[in-house]
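Data first, discussion second: the structure below is written as structure tokens.
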Amino acid sequence: ASDRAPDTPLLLEILLDDVTIGFALADEPRPDLAMAGLGTGTCGFAFTLPPPPARQPPSGHLLRLHAVGTGASLPGTPLLIMRAAGR
């Protein structure tokens with residue numbers, strides 16, 4: 001159980017290959033979620049990924065997003081990021 005109010009924005013920790021690369025506050029409008037009845041719909045976020053490391057592992061990079069304080073993973077993560085062919 002969480003003591004967090006449902007409409008309190010989450011602070012997300014963004015990790016690439018298990019190394020923290022930044023944080024984002026999930027407090028931007030998401031009308032699609034509001035229309036679906038999921039809270040107030042102010043839970044979107046934006047984060048610009050840094051350029052990937054020069055050496056890409058054959059399996060790609062793993063992107064994870066966790067809620068700070070709970071460690072809960074954001075639904076849909078982790079994501080596998082592969083470099084486009086020829087880059």
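Fair warning: this is a prediction, and the values are worked out from it, not measured in the lab. Numbers here are sequence positions counted from 1.
Connection of Val68 to Leu74 is not established within any shared hydrophobic cluster, with ILVMFWY side chains joined at heavy-atom distances below 4.5 Å, either directly or through further cluster members. Taken together through direct or relayed side-chain contacts under 4.5 Å among Ile, Leu, Val, Met, Phe, Trp and Tyr, Ile14 and Leu11 form parts of separate hydrophobic clusters.
Here the CG-CG distance, from Leu62 to Leu80, works out to 6.5 Å after rounding to the nearest 0.5 Å. For the atom pair OG1 (Thr42) and CZ (Arg30), the distance works out to 11.0 Å, reported to the nearest 0.5 Å. Interatomic distance, Asp17 CG to Arg64 CZ, rounded to the nearest 0.5 Å: 9.0 Å.
Between Phe45 and the options Leu25, Leu10, Leu12, a side-chain contact (heavy atoms from CB on, under 4.5 Å) holds for only Leu12.
Heavy-atom minimum distance, Ala24 versus Ala46: CB-O, 4.0 Å. Contact detail for Pro9 and Ala26: the closest heavy-atom pair is CB-O, 3.4 Å.
Residues that satisfy the side chain to side chain donor-acceptor pair (under 3.5 Å) test with Thr77, not counting sequence neighbours, are absent from this structure. With sequence neighbours excluded, the residues that form a side-chain contact (heavy atoms from CB on, under 4.5 Å) with Leu49 are Ile21, Phe47, Leu63, Ile81.
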